[in-house]
Protein chains: 4
Amino acid sequence: MSPPKPRATATTGRPRDDAARQAILRATADLLEEVGFGKLSIEGIAAQAGVAKTTIYRWWHNKGVLALEAFLTAVSPKIAFTETAAPLEDLRAQVQRVGKLYRGKTGRILCELIALGQADAETHRQLLDGYLTPRRTVAKACLQRAIAQGVLRDDIDLNVMIDAIYGPIWYRMMLRHGPLDVAYIDALLDLALYGLTISPRRRPCPPGQR
Amino acid sequence: MSPPKPRATATTGRPRDDAARQAILRATADLLEEVGFGKLSIEGIAAQAGVAKTTIYRWWHNKGVLALEAFLTAVSPKIAFTETAAPLEDLRAQVQRVGKLYRGKTGRILCELIALGQADAETHRQLLDGYLTPRRTVAKACLQRAIAQGVLRDDIDLNVMIDAIYGPIWYRMMLRHGPLDVAYIDALLDLALYGLTISPRRRPCPPGQR
Amino acid sequence: MSPPKPRATATTGRPRDDAARQAILRATADLLEEVGFGKLSIEGIAAQAGVAKTTIYRWWHNKGVLALEAFLTAVSPKIAFTETAAPLEDLRAQVQRVGKLYRGKTGRILCELIALGQADAETHRQLLDGYLTPRRTVAKACLQRAIAQGVLRDDIDLNVMIDAIYGPIWYRMMLRHGPLDVAYIDALLDLALYGLTISPRRRPCPPGQR
Amino acid sequence: MSPPKPRATATTGRPRDDAARQAILRATADLLEEVGFGKLSIEGIAAQAGVAKTTIYRWWHNKGVLALEAFLTAVSPKIAFTETAAPLEDLRAQVQRVGKLYRGKTGRILCELIALGQADAETHRQLLDGYLTPRRTVAKACLQRAIAQGVLRDDIDLNVMIDAIYGPIWYRMMLRHGPLDVAYIDALLDLALYGLTISPRRRPCPPGQR
DNA sequence: AAATAATCGAGACGGTACGTCTGGTCTTACC
DNA sequence: GGTAAGACCAGACGTACCGTCTCGATTATTT
């Protein structure tokens with residue numbers, strides 16, 4: 001009982017104050033943007049949220065899960081797939097949208113949260129389940145529509161496909177060895193779709209697709 | 001003179017004790033492996049190296065640059081390009097070697113150092129200059145040999161090419177959403193080289209190419 | 001609020017732990033006796049008291065005020081005036097008692113605290129208010145009784161009188177140029193009371209005066 | 001041999017650099033005035049004197065003896081006895097001169113040096129031999145002249161006499177519980193000379209003496 | 001209505017590590 | 001051999017947060 005776990009149910013007693021919860025998440029998100037995860041402190045959050053440290057520790061095990069929840073709450077709404085008739089164009093639009101997001105502070109924070117997950121299994125799991133997997137699932141659906149329409153090979157593991165598309169985006173986001181701009185992402189998608197090797201076929205734009 | 005910067009030159013006075021320097025770097029590398037960057041402490045390093053804290057602060061601004069230097073000193077020798085007649089095979093071998101390294105603790109530490117670079121420009125610069133850029137330079141040379149031999153397209157920015165190949169490796173190293181094993185890397189290289197889209201050509205390519 | 005001042009009142013929050021306070025004062029007094037103020041360290045006190053350094057800094061600005069409070073707490077009870085019918089004998093007894101105390105470690109510590117007060121106004125004030133003034137007040141009352149009984153001149157500032165009596169005691173305590181023994185103190189009192197100059201009268205004074 | 005003792009004689013090698021010695025003493029005296037003994041640091045002295053720390057440690061065991069020597073060098077010349085035909089007036093003039101000196105920074109420093117002597121026997125000895133004893137010797141001579149002239153009692157230990165005169169001065173210098181001004185010193189001398197008790201004789205100013 | 005129970009704020013507590021300062025020692029090159 | 005420069009080990013400094021622990025006050029449900 002000593003580790004303060006989030007209560008599953010509490011039938012009696014004073015109910016959880018949702019205003020405090022919101023204030024904490026908000027303060028965390030703000031500070032995360034302002035100073036980054038590295039310099040985030042529970043005391044700072046408590047002060048900014050006008051809340052006692054106890055209240056934070058009561059509901060979140062550690063800085064990581066709190067930061068993560070705050071991050072997810074703030075960022076998740078900003079990325080969503082559109083769904084049109086042309087799956088590859090959907091994909092291209094979505095990747096561009098992600099790229100734009102990752103260029104900024106969101107990318108910086110995300111990177112810190114990933115690093116955090118290296119040491120703490122729970123943070124890692126939460127990051128995957130709460131952020132990565134849902135987005136990959138949507139992306140898979142998009143790719144499957146493309147396969148169904150016969151514009152993509154059907155002999156490759158979807159997970160590998162997605163890695164090939166998103167991997168380089170994350171790579172540049174984290175290493176920052178070059179710009180993560182529209183042109184780069186476009187070139188990258190071309191490469192992923194048509195390969196590096198010399199071949200008779202190019203991306204000859206099936207008439208009407210582009 | 002109050003900010004303790006690494007001296008550029010010191011013609012007089014007691015010279016720097018290289019034994020202490022080595023001990024510090026060694027202790028740092030060991031602790032980095034043992035507990036990760038997150039739980040690395042200067043006090044711990046000083047104790048393990050048998051050195052005063054001041055000696056550390058005299059030569060390294062902060063934990064980041066020290067950890068980075070220790071990391072580079074320890075890891076750099078472990079990755080090198082072979083050079084044979086078949087550049088694409090060189091590439092494949094090298095990527096597999098990198099993949100193997102990133103599967104383990106090295107990957108975990110690297111990921112923390114990257115996150116660190118998000119907030120501190122100097123750490124970021126040092127990571128790029130000391131680690132990433134040299135490796136990319138070698139990789140570029142390899143790709144250029146392949147282009148010269150006519151097995152790779154010559155109309156694509158080399159930086160984008162390299163991103164397409166290495167990006168997904170790093171992606172999996174950091175997110176750990178799937179195994180970073182030999183089969184994955186092989187599949188990834190095939191994809192990068194031949195593309196996702198449906199084409200008459202497949203990898204066991206035109207006779208005589210391999 | 002950044003300078004950690006002793007709180008005036010705290011209506012809310014966890015109340016101050018008096019056990020910790022006592023332990024700190026006790027440890028300080030002990031170490032003061034053992035090693036003197038010069039080698040007193042907050043870390044040492046914290047360790048001996050089984051207390052965190054922060055707890056000390058929370059309630060005492062610096063080593064000086066802590067040492068002083070510990071000193072006063074430990075020493076004050078040891079000196080008190082007796083009150084008999086013969087004020088001059090009361091005085092003589094009290095001065096001898098003080099002399100005995102100052103011969104030992106108490107004197108040594110007191111001397112260090114006085115030196116400390118030279119640089120820090122607050123320490124100085126606290127030393128005067130907490131130690132010196134109360135004792136001088138009592139001594140004044142004693143002298144006034146003597147004056148009322150007609151055995152002491154009534155035309156001299158009481159403060160000067162007291163200085164004349166106690167000054168030489170402190171002088172020898174601090175300079176240690178000679179013994180601070182019973183004989184010395186007796187001789188001193190005779191001198192103070194009857195003067196240095198040649199006069200017909202000697203201490204076993206005119207009949208009827210005592 | 002490890003404790004660096006001041007060399008007694010050095011028949012060979014480079015002779016001691018007196019310029020360095022002077023610079024060190026001067027810097028020490030200056031810093032002593034400026035920040036007091038408590039915040040005096042060897043590093044500061046070395047920096048201000050343009051001298052290596054080694055050079056200081058070679059010639060002085062510790063901060064105390066250095067500070068003391070610097071103090072004596074700077075202060076000694078400021079106090080000297082005059083010698084006239086009226087010993088008691090000489091005394092009065094000298095005590096006033098001492099009082100004036102002790103009112104200022106000299107007193108503050110002196111007090112710190114005395115405290116220092118509580119813990120370190122050598123410092124204490126040096127303070128007595130170098131400062132106190134010579135001054136007391138001169139004062140004794142003065143008193144003896146007064147005794148020879150028949151204006152002072154000859155049945156009292158000279159040491160006690162001197163304590164009775166100088167003790168209260170030091171007392172006020174160190175405790176600062178009241179002003180150390182001309183009037184105070186005058187009153188004090190009267191008291192010391194003529195006593196506190198009621199007697200037919202007052203200081204009736206032997207004609208021509210005052 | 002009272003009792004019970006969990007929440008909340010405030011803030012003290014024992015700790016760990018921080019980055020700095022100074023004390024003394026040593027090592028080197030120069031004079 | 002003395003000296004300036006400065007690196008070295010050692011250890012205390014005062015601060016920032018950590019995660020835990022009382023408190024008194026508040027807000028519900030259950031008797």
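The structure presented is a predicted model; accordingly, all values stated were derived computationally and were not measured. Within every chain, numbering begins at 1; the chains are lettered A, B, ... in the order of the sequence lines, protein sequences first and strands thereafter.
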Spacing between B/I56 atom CD1 and E/dA17 atom C1', to the nearest angstrom: 13 Å
Stepwise side chain to side chain contact (heavy atoms under 4.5 Å, CB included) check, D/H124 with D/Q118: CA-CA 7 Å; D/H124 177 241; D/Q118 303 301 315; 5.7 Å; no
Heavy-atom closest contact (A/L40 atom, A/A67 atom, distance): CD2-CB, 4.2 Å
Note: A/K105-A/E34 ion pair, threshold 4.0 Å (strictly below): no
Whole-Å distance separating the CZ atom of D/R21 from the C1' atom of F/dT3: 17 Å
Interatomic distance where CG belongs to A/D17 and P belongs to E/dA10 [whole Å]: 13 Å
B/W60 and B/L25: CA distance, side-chain angles, deciding distance, side chain to side chain contact (heavy atoms under 4.5 Å, CB included) verdict: CA-CA 11 Å; B/W60 291 276; B/L25 286 175; 4.0 Å; yes
Interatomic distance, B/L31 CG vs E/dA17 C1' [rounded to whole Å]: 14 Å
N/O (side chain, B/R58) to phosphate O (OP1/OP2, F/dC8) under 4.0 Å: yes
Position toward the 5' end of DNA chain F (nearest nucleotide), C/K63 or D/T54: D/T54
Steps toward side chain to side chain contact (heavy atoms under 4.5 Å, CB included) verdict (B/F37, B/L116): CA-CA 9 Å; B/F37 181 83; B/L116 190 64; 3.4 Å; yes
From A/E33 atom CD to A/T106 atom OG1, the distance as rounded to the nearest 0.5 Å: 6.0 Å
Pull out every protein N or O sitting under 3.5 Å from an N or O of nucleotides 24-26 of chain F, one pair per line with the distance.
unit_1	atom_1	unit_2	atom_2	d
F/dT26	O2	A/R14	NH1	3.0

Between P of E/dG14 and OH of C/Y57, the distance in whole Å: 15 Å
Between F/dA12 (P) and C/N62 (CG): distance, integer Å: 18 Å
Working for side chain to side chain contact (heavy atoms under 4.5 Å, CB included), residues D/Q126 and D/Y131: CA-CA 8 Å; D/Q126 195 174 336; D/Y131 186 78; over 6 Å; no
Short side-chain N/O contact from D/T55 to OP1 or OP2 of F/dA4, under 4.0 Å: yes
Interatomic distance where NE2 belongs to A/H61 and C1' belongs to F/dT20 [whole Å]: 15 Å
Residue closer to the 5' end of DNA chain F, C/P15 versus B/G50 (nearest nucleotide): B/G50
Those residues of residues 38-45 of chain D lying under 4.0 Å from DNA chain E by at least one heavy atom: D/L40, D/S41, D/I42, D/E43
Which residue lies more 5' along DNA chain E, comparing C/V51 with B/K53 via nearest heavy atoms: C/V51
Residue-phosphate contact under 4.0 Å: A/W59 side-chain N/O, E/dC8 OP1/OP2: yes
B/L66 side, atom CG; B/I45 side, atom CD1 - distance, nearest 0.5 Å: 5.0 Å
Sequence neighbours excluded, every pair satisfying salt bridge (charged side-chain N to carboxylate O under 4.0 Å, His left out) that has a member inside residues 115-128 of chain D: D/R125-D/D129
